[in-house]
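Keep in mind that what you see is a predicted model, and the values were worked out from it rather than measured. We count ligands from 1, going down the list as the structure has it; atoms in each ligand are counted the same way. Reckoned from all heavy atoms, side chains included, excluding hydrogens, waters and symmetry mates.
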Amino acid sequence: MCGIVGYVGFEQAAPILLDGLSKLEYRGYDSAGMAIMDEEDKIEVVKAKGRLQVLREMTDSGHAVPGVCGVGHTRWATHGEPSVANAHPHFNKDKSIAVVHNGIIENYQSIRDRLVKKGYEFISQTDTEAVVQLLDYYYQGDPLEAITKVMVRVEGSYALGILFQDHPGEVYAVRKDSPMIVGHSEEGNFIASDVPAILSHTKNVYYIENMEIVKLTKEGIKFYNIDKEEIEKEMVTIDWDAEAAEKGGYEHFMLKEIYEQPKAVRDTISPRIKDDRIEIEELGMTEEEIQKISKIYIVACGSAYHVGITAKYVIEGMARIPVEVDLASEFRYRDPIMEENSLVIIISQSGETADSLAALRAVKEKGIRVLGIVNVVGSSIAREADNVMYTWAGPEIAVATTKAYSTQLASIYLIAILFAKVRNTIDDQAYAGYVEEVKALPDKIQTILGDRERIQWFANKFASSHDMFFIGRGLDYGIGMEGSLKMKEVSYVHSEAYAAGELKHGPISLIEKGILVVGIATQPQLYDKMISNMAEVKARGAYIMGVTNYGNYEMEDTADFTVYVPKTNPYFTTSLAIIPLQLLGYYTTLAKGLDVDKPRNLAKSVTVE
Ligand code: F6R
């Protein structure tokens with residue numbers, strides 16, 4: 001939520017900041033702004049409500065604001081409505097300090113009250129303005145001194161980019177519980193909330209830890225701890241390429257990322273299957289430790305939580321380990337009773353989701369082992385988990401996840417099969433069969449993508465729907481949950497997922513003529529029961545879209561429109577049956593003329609509670 005970028009170097013800063021912000025717009029797009037030090041070393045702030053494009057036009061693509069040093073911001077509003085006054089950067093009273101912020105300052109009101117008593121005036125409703133005014137209060141010519149004083153007084157989460165007018169050519173940055181990376185290149189030095197913002201300039205980055213400070217100049221980068229002592233950092237080279245964060249000829253990132261799924265899944269599984277044997281070194285667990293696991297907790301948010309729902313069926317079914325799945329926002333406050341030999345798996349694309357990170361920390365305090373399944377290398381969850389298994393999806397830019405979700409599923413399958421083998425709950429033949437099926441998934445996903453035009457046609461037909469329902473049993477219920485989320489978050493069509501067996505306990509009263517019900521029926525042992533549930537809603541006027549496996553052609557007796565997916569072992573069908581539902585969400589949104597990559601009110605990386 002909110003994206004920050006900063007630059008100082010040998011080039012003009014504003015065009016670089018605008019380019020970086022365009023890669024961070026997925027983090028928020030309520031307003032955008034930049035602070036640039038011009039040639040007279042005065043700080044000029046430009047900001048605009050709405051999308052980055054407005055700021056781009058206002059500044060003639062950055063050329064109207066000269067200067068080689070600056071910070072930029074794209075906002076997802078938390079405190080105060082989207083407006084120019086609330087847009088970042090924020091100034092102190094004499095406009096000599098400018099601040100951009102990602103995070104939430106929890107004690108901003110008490111800071112504000114204190115400063116108002118001392119004669120300070122606030123012009124925005126943001127929590128961030130408390131930081132810049134507090135900096136002003138403590139600033140006596142030494143940026144590090146003022147910054148560290150502020151850091152120990154503010155509570156909450158923050159990544160800050162700061163300019164001081166009397167320190168021209170210097171960008172200061174600091175973080176606590178909000179992401180921030182530092183980049184180095186020949187053309188200059190950078191800060192950014194996420195890698196794609198600077199990928200076209202450099203792949204050389206440093207990760208700064210909580211409560212560390214960085215000072216950028218065009219000549220170099222210096223890191224400090226809270227005691228203002230200089231510290232050393234190791235540079236890391238990112239192996240994403242810049243094109244991966246571009247649309248590459250696709251109309252939208254979401255469609256591009258849907259199409260990247262075969263590759264992303266292949267990249268995630270291939271390095272972990274050697275000679276048809278699964279080896280996941282990153283788990284860091286011996287066979288004995290795997291045998292001892294008494295319970296697995298899967299903790300995540302949104303789509304990653306839906307991966308957890310699938311994981312429960314797959315891990316319990318194959319490896320016979322009890323699995324509890326929790327929403328991170330609930331888990332972190334419920335003080336669960338955890339056995340010593342439990343394993344907690346935190347699933348997160350960004351690795352920065354505030355609730356998932358807080359859940360991780362709560363678990364670590366109890367001394368329980370935490371495994372992160374994470375996409376963004378070097379993110380907070382990746383660094384703080386005891387072990388991390390990376391999903392190799394590459395940068396995911398569209399707000400609605402597709403390829404990261406698919407790679408998270410693939411990681412879970414590998415873990416489930418490995419655990420089952422080590423714990424002897426499957427024999428060699430079943431093991432070999434599962435490995436074969438997982439290896440075949442990328443090609444099967446590719447086949448389904450070929451059905452895109454039929455789904456587009458169908459989506460156009462139902463784009464004006466007000467409500468939709470997704471029903472399924474067992475693993476198909478989990479698929480419905482993700483399909484429903486994809487639909488509602490991008491197309492704004494109200495949609496709900498129900499376990500089909502629950503319909504008669506209430507939701508069936510919502511069914512009326514013409515309403516779209518998507519029935520997912522890929523589980524052989526539950527197939528007939530699903531067909532009955534679909535028939536029941538059809539009898540009450542619903543229009544039925546069915547999703548099932550090739551061969552189940554009698555589905556057409558009940559469904560009005562059927563999408564078939566290739567056969568696989570039932571444990572793995574989530575990876576296939578979700579593809580048409582991702583396309584359905586995508587094309588419904590397109591038919592409604594909405595911005596599919598940037599749905600209203602959402603940001604990709606939810607770094608605040
Ligand atoms: C939905 C979506 C979100 C994320 C959720 C968790 O399409 O993308 O529901 O899955 O915000 O984010 P991460 O995986 O970054 O922790």
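- The Val399 neighbourhood of ligand 1 comprises atoms 8 (O), with distances under 4.0 Å to a heavy atom of that residue.
- Side-chain atoms of Asp467 and His494 include a donor-acceptor pair closer than 3.5 Å.
- Considering only non-hydrogen protein atoms, atom 15 (O) of ligand 1 sits nearest to Ser350 OG, 2.7 Å.
- Under the 4.0 angstrom criterion for non-hydrogen atoms, Lys486 is in contact with ligand 1.
- At a 4.0 Å heavy-atom cut-off, ligand 1 does not touch Asn375 at all.
- Of the protein's non-hydrogen atoms, Val606 CG2, 4.1 Å is the one closest to atom 11 (O) of ligand 1.
- A donor atom on one side chain and an acceptor atom on the other are found under 3.5 Å apart for Ser303 and Glu482.
- Lys23 is not listed as a side-chain neighbour of Leu199, based on a closest heavy-atom distance of 4.5 Å or more.
- Using a cut-off of 4.0 Å between Lys/Arg side-chain N and Asp/Glu carboxylate O, Glu330 and Arg334 are scored as not salt-bridged.
- Salt bridge status for Lys403 with Glu260: present, with a side-chain N to carboxylate O gap under 4.0 Å.
- Salt-bridge formation is not detected for the pair Arg51/Asp30: no Lys NZ or Arg NE/NH1/NH2 atom is positioned less than 4.0 Å from an Asp or Glu carboxylate oxygen.
- Among all protein heavy atoms, the one lying closest to atom 10 (O) of ligand 1 is Ser303 N, 3.1 Å.
- Using a 4.0 Å cut-off between heavy atoms, Glu489 contacts ligand 1 through its side chain alone, with no backbone atom that close.
- Looking at Thr353 next to ligand 1, an N or O pair under 3.5 Å apart turns up.
- If you check which protein heavy atom lies closest to atom 5 (C) of ligand 1, you get Cys301 O, 3.6 Å.
- Annotation: Ser348 places an N or O atom under 3.5 Å from an N or O atom of ligand 1; distance criterion only.
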Could you walk me through whether Asp177 and Arg361 satisfy the salt bridge (charged side-chain N to carboxylate O under 4.0 Å, His left out) test, starting with their C-alpha distance in whole Å, then the side-chain angles of each, then the deciding distance to 0.1 Å, before giving a yes or no? CA-CA 12 Å; Asp177 292 341; Arg361 289 177 181 161; 2.9 Å; yes

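- Among all protein heavy atoms, the one lying closest to atom 14 (O) of ligand 1 is Gln349 N, 2.6 Å.
- A donor and an acceptor atom, one from each side chain of Arg75 and Tyr29, are nowhere located under 3.5 Å apart.
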